Undergrad: 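After the structure tokens below, expect a handful of questions from me.
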Amino acid sequence: MNNIYKIVAFTSISALFAFISMKLQSTFVDKFAENILALLTTLFAINIASSTLIAGKLREIQEKTGYPFIKTKKSLKGSFYEQIIFIGLAFIFGLIRESKYLLTIFEADYFKLVCDSVLFFAFFSYLDIIRDIGKSLFDLLEFDEKE
């Protein structure tokens with residue numbers, strides 16, 4: 001249920017940001033759309049390094065305690081796939097956002113609004129993944145076997 005709340009919240013915030021940007025006629029979203037793939041792939045590389053550190057620490061704790069960490073490992077694997085999906089979404093919507101053909105078929109402002117909302121959604125979701133991985137990393141670094 002928590003994931004549904006996140007999806008609704010991120011969708012709402014993303015649509016709001018895209019709408020405000022459209023109404024203010026800001027060029028921020030254009031620059032953001034140009035750079036989002038580079039940003040997301042860089043964050044993906046950082047997250048892979050962090051996840052590797054987490055996996056190593058989990059293995060160390062598992063060897064000492066015998067606890068299998070099945071849910072945690074499954075969650076790490078799931079976040080890896082989520083990040084790839086968000087990069088794919090950003091690629092697709094960044095591509096169609098710039099399509100002159102689609103802009104003539106659909107009403108241009110609202111078409112860009114949808115595309116920009118998806119790009120913001122991918123970014124906010126990535127931020128949540130970073131927060132989650134960071135929290136996990138610090139929790140593991142503070143792990144005390146005696147507790």
Side-chain angles (χ1 to χ4, degrees), residues 1-62 67-144:
M1 194 57 128
N2 191 20
N3 286 338
I4 293 171
Y5 291 131
K6 283 183 184 179
I7 291 169
V8 169
F10 293 160
T11 302
S12 300
I13 292 168
S14 299
L16 180 66
F17 272 49
F19 181 76
I20 290 171
S21 179
M22 180 181 73
K23 287 300 179 186
L24 294 175
Q25 298 178 347
S26 172
T27 60
F28 171 79
V29 180
D30 296 328
K31 293 173 190 167
F32 179 76
E34 288 175 13
N35 295 313
I36 191 165
L37 283 176
L39 176 64
L40 294 183
T41 52
T42 301
L43 291 174
F44 185 54
I46 293 167
N47 287 346
I48 287 174
S50 300
S51 296
T52 303
L53 200 76
I54 291 170
K57 187 70 175 171
L58 287 175
R59 172 172 269 156
E60 180 184 310
I61 294 169
Q62 183 177 357
Y67 189 78
F69 292 104
I70 294 169
K71 282 184 173 180
T72 306
K73 290 176 186 176
K74 187 177 179 182
S75 178
L76 275 174
K77 192 176 186 180
S79 94
F80 176 76
Y81 291 127
E82 283 178 25
Q83 292 173 74
I84 291 172
I85 289 168
F86 290 132
I87 289 172
L89 278 174
F91 179 81
I92 291 167
F93 279 86
L95 178 71
I96 66 172
R97 179 184 189 275
E98 299 300 321
S99 169
K100 292 186 187 330
Y101 174 73
L102 292 175
L103 287 172
T104 60
I105 293 174
F106 301 106
E107 209 284 301
D109 283 343
Y110 295 108
F111 179 73
K112 278 203 170 190
L113 178 72
V114 170
C115 291
D116 294 345
S117 295
V118 172
L119 294 176
F120 280 130
F121 179 84
F123 179 70
F124 292 137
S125 297
Y126 241 78
L127 290 180
D128 186 55
I129 291 169
I130 291 169
R131 181 203 53 79
D132 191 41
I133 289 174
K135 183 180 176 302
S136 299
L137 185 58
F138 285 111
D139 287 347
L140 282 172
L141 292 175
E142 295 172 357
F143 179 78
D144 185 6

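Note that the coordinates shown come from a computational prediction; the quantities given were computed from them, not determined experimentally.
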Undergrad: Of the non-hydrogen atoms in F123 and L40, which two are nearest, and what is the gap between them?
TA: CA-CD2, 4.5 Å
Undergrad: Measuring from I130:CD1 to N47:CG, what's the distance to the nearest 0.5 Å?
TA: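 One gets 5.0 Å once the value is rounded to the nearest 0.5 Å.
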Undergrad: Give a yes or no answer on whether the side chain of S125 reaches the backbone of A122 with a donor-acceptor pair at less than 3.5 Å.
TA: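 No.
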Undergrad: First locate atom CG of D128, then atom CZ of R131, and finally report the distance between them rounded to the nearest 0.5 Å.
TA: 4.5 Å
Undergrad: Locate the shortest heavy-atom distance separating A15 from S117; write the atom from each residue and the value.
TA: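 The pair with the smallest heavy-atom distance is CA-OG, 3.4 Å.
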Undergrad: So does S21 get a backbone contact from the side chain of S26, meaning a donor-acceptor N/O pair under 3.5 Å?
TA: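 No, the answer is negative, given that no donor and acceptor are paired below the 3.5 Å cut-off.
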Undergrad: Rounded to the nearest 0.5 Å, what's the gap from OH on Y67 to CD on Q62? Could you check?
TA: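 CD of Q62 is found 10.5 Å from OH of Y67.
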Undergrad: For F91, is the CZ atom crowded, meaning more than 12 foreign heavy atoms sit under 6.0 Å from it?
TA: no
Undergrad: Can a salt bridge be assigned to the pair D132 and K135 using a cut-off of 4.0 Å between side-chain N and carboxylate O?
TA: no
Undergrad: Measuring from Y110:OH to C115:SG, what's the distance to the nearest 0.5 Å?
TA: 15.0 Å
Undergrad: Show the nearest heavy-atom pair for residues L119 and G94, with the distance to one decimal.
TA: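 That closest heavy-atom pairing would be CD2-N, 4.1 Å.
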Undergrad: Give the C-alpha distance, both sets of side-chain angles, the deciding distance and a yes or no for ring-ring contact (aromatic ring centres under 6.0 Å, His included) between F44 and F80.
TA: CA-CA 8 Å; F44 185 54; F80 176 76; 5.4 Å; yes
Undergrad: What about the rings of F32 and F120, do their centers lie closer together than 6.0 Å?
TA: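 Yes - the distance between ring centres of F32 and F120 falls below the 6.0 Å cut-off.
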Undergrad: Which of these passes side-chain contact (heavy atoms from CB on, under 4.5 Å) with L53: I48, L137, I133, L140?
TA: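 When I48, L137, I133, L140 are each tested with L53, the side-chain contact (heavy atoms from CB on, under 4.5 Å) holds only for L137.
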Undergrad: Rounded to the nearest 0.5 Å, what separates atom CG in D116 from atom CE in M22?
TA: 9.5 Å
Undergrad: Around atom CZ of F10, are there more than 12 heavy atoms of other residues, nucleotides or ligands at under 6.0 Å?
TA: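 Yes, the 6.0 Å shell around CZ holds more than 12 heavy atoms from other groups.
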Undergrad: Evaluate F86 against I129 for side-chain contact (heavy atoms from CB on, under 4.5 Å), listing each step before the verdict.
TA: CA-CA 11 Å; F86 290 132; I129 291 169; 4.0 Å; yes
Undergrad: Are the side chain of Q83 and the backbone of S79 linked by a donor-acceptor contact shorter than 3.5 Å?
TA: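 Indeed, once roles are kept as given, a pair shorter than 3.5 Å links the two residues.
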Undergrad: Which is it for R97 and D30 under the salt bridge (Lys or Arg N to Asp or Glu O under 4.0 Å) test, yes or no, and what are the steps along the way?
TA: CA-CA 10 Å; R97 179 184 189 275; D30 296 328; 2.6 Å; yes
Undergrad: If the test is side-chain contact (heavy atoms from CB on, under 4.5 Å), which one of L103, L102, V29 qualifies with K112?
TA: L103
Undergrad: Before accepting this row, confirm whether a basic side-chain N of the pair K31/E34 lies closer than 4.0 Å to the acidic partner's carboxylate O.
TA: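 E34 and K31: not salt-bridged.
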Undergrad: Could you give me the CA-CA distance, side-chain angles and deciding distance for L113 and D109, then say whether side-chain contact (heavy atoms from CB on, under 4.5 Å) is met?
TA: CA-CA 6 Å; L113 178 72; D109 283 343; over 6 Å; no
Undergrad: What's the spacing between F111 CZ and S99 OG if we round to 0.5 Å?
TA: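 That separation rounds to 6.0 Å.
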Undergrad: Taking the six-membered ring for Trp, are F17 and F124 parallel (under 30°), tilted (30 to 60°) or perpendicular (over 60°)?
TA: perpendicular
